[in-house]
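Heads up: the structure comes next, in structure tokens.
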Protein chains: 2
Amino acid sequence: MVTTLADIAQHVGVDVSTVSIVLNDRPKAQRLLKETRQRILDAARELNYQSSFTARALASGKTSTLALVCGGIDNPYFAQIASTALEQAAKLGYHLLINAVRWEQEEERRGVQMLLSRQVDGMLLHTGCLNDDSPLLKQLIKDNYPIVMLNLPKRYQHVSEVYSDFYPGLLAAVTHLKALGHQQVHFVEYLRMKHQPVAPKSVTFDKVCRELGVKASVSYCDLSTEACMEKGRQLAESPHQAVIAYSDNATIGIINGLLELGRDVPGDMDVIGMDGTRWSEQYNPSLACVVQDDVQLISQSLEILLAKIKNPQMPCSHVAVPTSFRMGRSVGMG
Amino acid sequence: MVTTLADIAQHVGVDVSTVSIVLNDRPKAQRLLKETRQRILDAARELNYQSSFTARALASGKTSTLALVCGGIDNPYFAQIASTALEQAAKLGYHLLINAVRWEQEEERRGVQMLLSRQVDGMLLHTGCLNDDSPLLKQLIKDNYPIVMLNLPKRYQHVSEVYSDFYPGLLAAVTHLKALGHQQVHFVEYLRMKHQPVAPKSVTFDKVCRELGVKASVSYCDLSTEACMEKGRQLAESPHQAVIAYSDNATIGIINGLLELGRDVPGDMDVIGMDGTRWSEQYNPSLACVVQDDVQLISQSLEILLAKIKNPQMPCSHVAVPTSFRMGRSVGMG
DNA sequence: GTGAAAGCGCTAACAG
DNA sequence: CTGTTAGCGCTTTCAC
């Protein structure tokens with residue numbers, strides 16, 4: 001049998017509302033008779049009271065639950081993001097519902113809708129398709145619903161966003177490659193970015209190369225392991241000797257492709273990844289990476305989100321989190 | 001503004017209960033006037049009705065939510081389990097709350113308590129500490145609360161459980177090593193298992209070796225990357241030439257330790273992992289593994305859990321999911 | 001300082 | 001076939 005407010009009220013001989021006020025430590029609770037308060041607290045402990053989330057949620061309209069909509073956590077990058085988010089949300093007293101979606105308009109829409117009907121207090125959106133053309137996003141913005149968009153390749157005016165600034169990391173990465181003597185560097189970009197009117201990683205890469213006087217070239221590659229390995233095989237046959245790829249996953253696939261054709265990394269090709277998940281460090285050779293600071297990414301996002309939840313008037317924030325360069329055995333030491 | 005049952009009822013000119021019955025497609029709905037039904041359905045669509053989870057949960061006592069309590073999903077193994085669980089639960093129309101806990105009694109207890117107060121309909125427990133001495137688990141069992149325990153190293157009578165049977169995978173693995181000419185094989189077991197009165201992986205390993213006439217030895221190693229690398233360095237200096245380790249993560253750490261001291265894998269040492277996460281295949285050399293079937297593990301668990309939720313009388317199930325052996329470059333081809 | 005009462009949106013008997 | 005009624009357990013406003 002589970003204890004309710006009413007049980008405590010009866011036990012102590014007061015009204016449920018009094019109990020509610022005390023257990024939630026509302027301002028008014030201070031003005032209660034000290035003794036009444038103590039008796040309520042004691043009874044709660046004694047009866048092992050656990051407030052009912054569902055009842056509380058219905059009555060208050062708050063669920064103490066946030067949601068993270070992101071790509072599948074079978075992807076190490078998202079697994080790391082989700083892990084960090086889970087941990088930090090818990091620390092802040094929130095539950096986190098993870099909604100893993102494929103990179104697909106309709107699926108993302110349904111996911112968000114479902115979370116809304118669940119009345120999550122706010123959402124972290126780390127998805128690909130929910131852009132500002134989407135009626136759903138427009139609706140959310142109009143309703144002033146608390147959301148923070150994570151790592152979108154495009155800037156939004158009317159929504160809070162937190163994103164990695166790839167400039168410092170890429171600058172250091174290309175600088176390192178240049179120091180190794182490379183006059184040109186090749187960038188493998190995510191295929192989907194090819195036709196999007198946005199500023200993907202390769203744009204920052206181009207800029208960095210221009211500044212450093214390094215010749216830049218770009219090609220495209222999809223997410224699948226097979227596609228990345230194939231890209232690695234292609235690169236093995238190409239004149240390129242320095243490559244940066246859009247994610248750790250892609251980079252590892254590419255290296256596996258290079259190794260398959262008997263190339264040596266970094267002997268024949270210096271390779272740098274992006275993301276810098278903790279696992280990529282375990283790879284052999286350990287991956288040199290442009291590292292995203294997932295802890296900052298999430299903590300900034302949650303801070304903004306909670307601020308908005310507490311005060312709906314809060315204006316939008318736009319926070320860039322700097323990336324850095326991590327050395328690894330996949331490039332020469334210089 | 002959000003649409004409620006009452007809005008629809010008013011719009012159509014019927015009572016809320018009628019609307020509820022129709023929209024939930026209860027048996028009785030079939031007996032309604034076809035026209036009334038259609039008008040309700042139309043109105044729901046027109047007003048873009050979304051039922052409130054919180055209200056439904058409070059009234060029905062069901063939350064359409066399950067929980068997975070497991071280790072941190074920054075561990076690839078748990079990330080894979082969580083990913084699979086997320087996907088399958090969604091397919092079954094359930095949300096999944098993931099509660100990542102450290103391997104620690106009190107933290108697990110608090111996690112489970114919190115989930116209970118959230119009234120999740122059932123739980124998948126993949127934790128280390130919640131054994132049958134725990135009063136909380138005893139309580140859950142007594143309350144006939146739907147839980148399924150995943151991959152415990154010990155068998156429980158009064159709780160449903162689903163676990164990997166490591167015998168077939170280890171048998172194939174050791175058989176392969178024997179075929180390569182190894183007279184003895186070393187097993188690296190998880191340190192925590194050392195003093196537990198349970199049947200950890202190394203026990204199955206011992207059994208397999210005995211059957212195959214291979215000399216078995218066992219040592220222990222903790223989870224941390226550093227500990228595993230150190231173990232690898234130790235093994236590099238040891239006479240062992242064939243090693244199996246308790247997880248993919250540990251195995252990769254061990255190989256990195258071996259490589260650090262200039263050993264070749266599999267040239268100097270044949271190494272086999274356990275778990276067989278999708279990422280370990282990407283490692284270099286790709287990991288030969290005793291593979292756990294996470295999809296089966298989860299689908300069986302969910303099936304049992306949902307059966308229990310639907311019918312509390314359902315007796316406990318005890319399901320073993322066979323493992324298999326996956327070849328990889330970390331062992332000789334034979 | 002404490003209690004009474006209304007209501008959050010939905011479900012589920014039971015009555016008509 | 002459809003409506004009535006009574007909650008689910010908690011929050012919150014207002015009255016005593």
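Chain naming here is simple, since letters A, B, ... match the order of the sequence lines and numbering starts at 1 in each.
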Exercise for the section: Remember a base hit wins even if backbone is also touched, and classify A/Thr54 as base, sugar-phosphate or nothing at under 4.0 Å, heavy atoms. Expected result: nothing
Would you classify A/Phe53 as touching base, sugar-phosphate or nothing, given that sugar-phosphate means primed atoms plus P, OP1 and OP2, and contacts are heavy atoms under 4.0 Å?
-> nothing
Please report whether the ring centroid of B/His126 lies less than 6.0 Å from that of B/Tyr77.
yes
Touch check for A/Ser17, heavy atoms < 4.0 angstrom, all strands: base, sugar-phosphate only, or nothing?
base
* Would you please confirm or rule out a distance under 4.0 Å between OP1 or OP2 of C/dG3 and any side-chain N or O of A/Thr18? => yes
Just by distance, with hydrogens left out, do B/Gln119 and A/Thr54 show a side-chain donor and acceptor under 3.5 Å apart? yes
Check whether any side-chain nitrogen or oxygen of B/Tyr49 sits under 4.0 Å from OP1 or OP2 of C/dG9, and answer yes or no.
no
A/Ile21 has its side chain closest, among D/dT12, D/dG3, C/dC10, to D/dT12
When A/Val22, A/Thr18, A/Leu23, A/Asp42 are each screened for side chain to side chain contact (heavy atoms under 4.5 Å, CB included) with A/Arg37, the one that passes is A/Val22
Could you list the donor-acceptor pairs under 3.5 angstrom formed between side-chain atoms of residues 5-13 of chain A and any protein atom two or more places apart in sequence or on another chain?
residue : atom : partner : partner atom : Å
A/Asp7  : OD2  : A/Thr4  : N            : 2.8

- [ ] Using a cut-off of strictly less than 4.0 Å, decide whether B/Ser20 has a side-chain nitrogen or oxygen near OP1 or OP2 of C/dT11.
- [x] yes
**Asked** Does the side chain of A/Ser64 come under 3.5 Å of the side chain of B/Arg118 through a donor N or O and an acceptor N or O?
**Response** no
ask   = In this structure, are over 12 heavy atoms from other groups packed under 6.0 Å from A/His318 atom NE2?
value = yes
Among D/dT11, C/dT2, C/dG9, the one nearest any side-chain atom of A/Arg56 is D/dT11
Worksheet item: Can you tell me if CD on A/Gln157 sees more than 12 non-hydrogen neighbours from other groups inside 6.0 Å?
Response: no
Measure all distances between protein nitrogen or oxygen atoms and nitrogen or oxygen atoms of nucleotides 6-8 of chain D, and list the pairs falling under 3.5 Å.
residue : atom : partner : partner atom : Å
D/dC8   : O2   : B/Ala59 : N            : 3.3

With the side chain defined as heavy atoms from C-beta on, B/Leu5 is closest, among C/dC10, D/dC10, D/dT12, to C/dC10
Comparing A/Ser51 with B/Asp15, nearest DNA chain D nucleotide closer to 5' gives the residue B/Asp15
**Prompt:** Looking at A/Arg26, does any N or O in its side chain come under 4.0 Å of the phosphate oxygens OP1/OP2 on D/dT12?
**Reply:** yes
Is the closest side-chain donor-acceptor distance between B/Thr3 and B/Gln50 under 3.5 Å?
-> no
Open item on the list: Please classify the nucleic acid contact of B/Thr4 as base, sugar-phosphate, or nothing, using heavy-atom distances under 4.0 Å.
Closed with: sugar-phosphate
_Donor-acceptor side-chain pairing of A/Gln292 and A/Asn151 below 3.5 angstrom_ = yes
- Side-chain N or O of A/Thr36 closer than 4.0 Å to phosphate OP1/OP2 of C/dT2: yes
Separation of D/dG9 atom C1' from A/Gln10 atom CD, nearest Å, is 15 Å
Overall bend of the helix from C/dG1-D/dC16 to C/dG16-D/dC1 (five pairs an end, 10° steps) is 40°
